[in-house]
Amino acid sequence: MIVALNNKSNLTKEEFLSYQEELGKITCASTMILCASPLNIANYNLTNCHWGSQNVSKDLVGAHTGEIAASQLKSYGVEYCIVGHSERRQDQKETNEEIAQKIQNLYAEGIKPILCCGETKEERESGKLIEVIEQEIISATENLTSEEKDELIVAYEPIWSIGTGLIPTIEEIEEVFKLINNLLPNTKVLYGGSANDKNIDELKQCSLIEGYLLGGLSLKPENLKVFIEKLEN
Ligand code: PGA
């Protein structure tokens, strides 16, 4: 199992340092990946977590003010990077083409991408679910080698579920996971969207889920510990 933690734009330096101390106490058989906000990457100091980033530049190192290049992430020991999170697709108007470029840049540095995909409530209700997921996956992966496709991690995150406390039914999750598994047969697929220590028993019923991308829960080490215990037992 993979447990990826997406801190988003949370935790000042001081808060992050004490958070990291709490996180360091968690024992976990799963692969835990910490994706802190960019400045906190410089303060990574854990042995029970792999180090991740929430984003990477679509450009290479050079004259791109405010951007962080894949090679710079690499130099800080980053091994994984989230790409195409719905908040970036919506707020920064990130396109499928840019996301495909980011994945190429990450692979060029040996960093594993965690590609997010997911539909809005409106897209689901208007019957566009399959079209949206297929387009997000295919456009991001069509230029990858089969080895790169196998190395990729995909996170299915229904946008209407992120931070809302709502989760899809197991049948709804399975429908999308089967679609992704058909497109990318050897790729690990995670679920993300309001997963927590209360609903993990229900989510666990879906045998296709190979791990979780956690936003809100990532900021609560006590609850995260309970989540991991329930996940692994
Ligand atoms: P959430 O966020 O767990 O707070 O819903 C998940 C995510 O946005 O990756």
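These numbers were taken from a predicted model, which means no experiment stands behind them. In each ligand, atom 1 is the first atom listed, and ligand 1 is the first ligand listed.
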Qualifying residue for side chain to side chain donor-acceptor pair (under 3.5 Å) with N105, from E109, Q101, K102: Q101

Taking atom 4 (O) of ligand 1 as the reference point, the nearest protein heavy atom with its distance: G216 N, 2.8 Å

Determine the interplanar angle of the F16 and Y44 rings, folded into 0 to 90°, and report it as parallel if under 30°, tilted if 30 to 60°, perpendicular if over 60°. tilted

Taking only heavy atoms of E157, which atoms of ligand 1 are found under 4.0 Å from at least one of them? 6 (C), 7 (C), 8 (O), 9 (O)

For E87 versus Q92, what's the shortest heavy-atom pair and its separation? O-OE1, 3.9 Å

Report yes if G163 has an N/O atom closer than 3.5 Å to an N/O atom of ligand 1; otherwise report no. yes

So, N7 and S218: side-chain donor and acceptor under 3.5 Å apart, yes or no? yes

Where's the contact between I162 and ligand 1, heavy-atom distance under 4.0 Å: side chain, backbone, both or neither? both

For N6, the atoms of ligand 1 under 4.0 Å from one of its heavy atoms are 9 (O)

Just jot down the ligand 1 atoms closer than 4.0 angstrom to any heavy atom of S194, in number order. 1 (P), 3 (O), 5 (O)

Just jot down the ligand 1 atoms closer than 4.0 angstrom to any heavy atom of H85, in number order. 7 (C), 8 (O), 9 (O)

For the pair Y212 and F227, name the ring-plane relationship: parallel under 30°, tilted 30 to 60°, perpendicular over 60°. perpendicular

I'd like the name of whichever of A195, G215, G193 reaches closest to atom 3 (O) of ligand 1 through any heavy atom. G215

Pair E136, R89 - check salt bridge (charged side-chain N to carboxylate O under 4.0 Å, His left out), show working. CA-CA 11 Å; E136 288 181 342; R89 290 182 193 261; 3.7 Å; yes

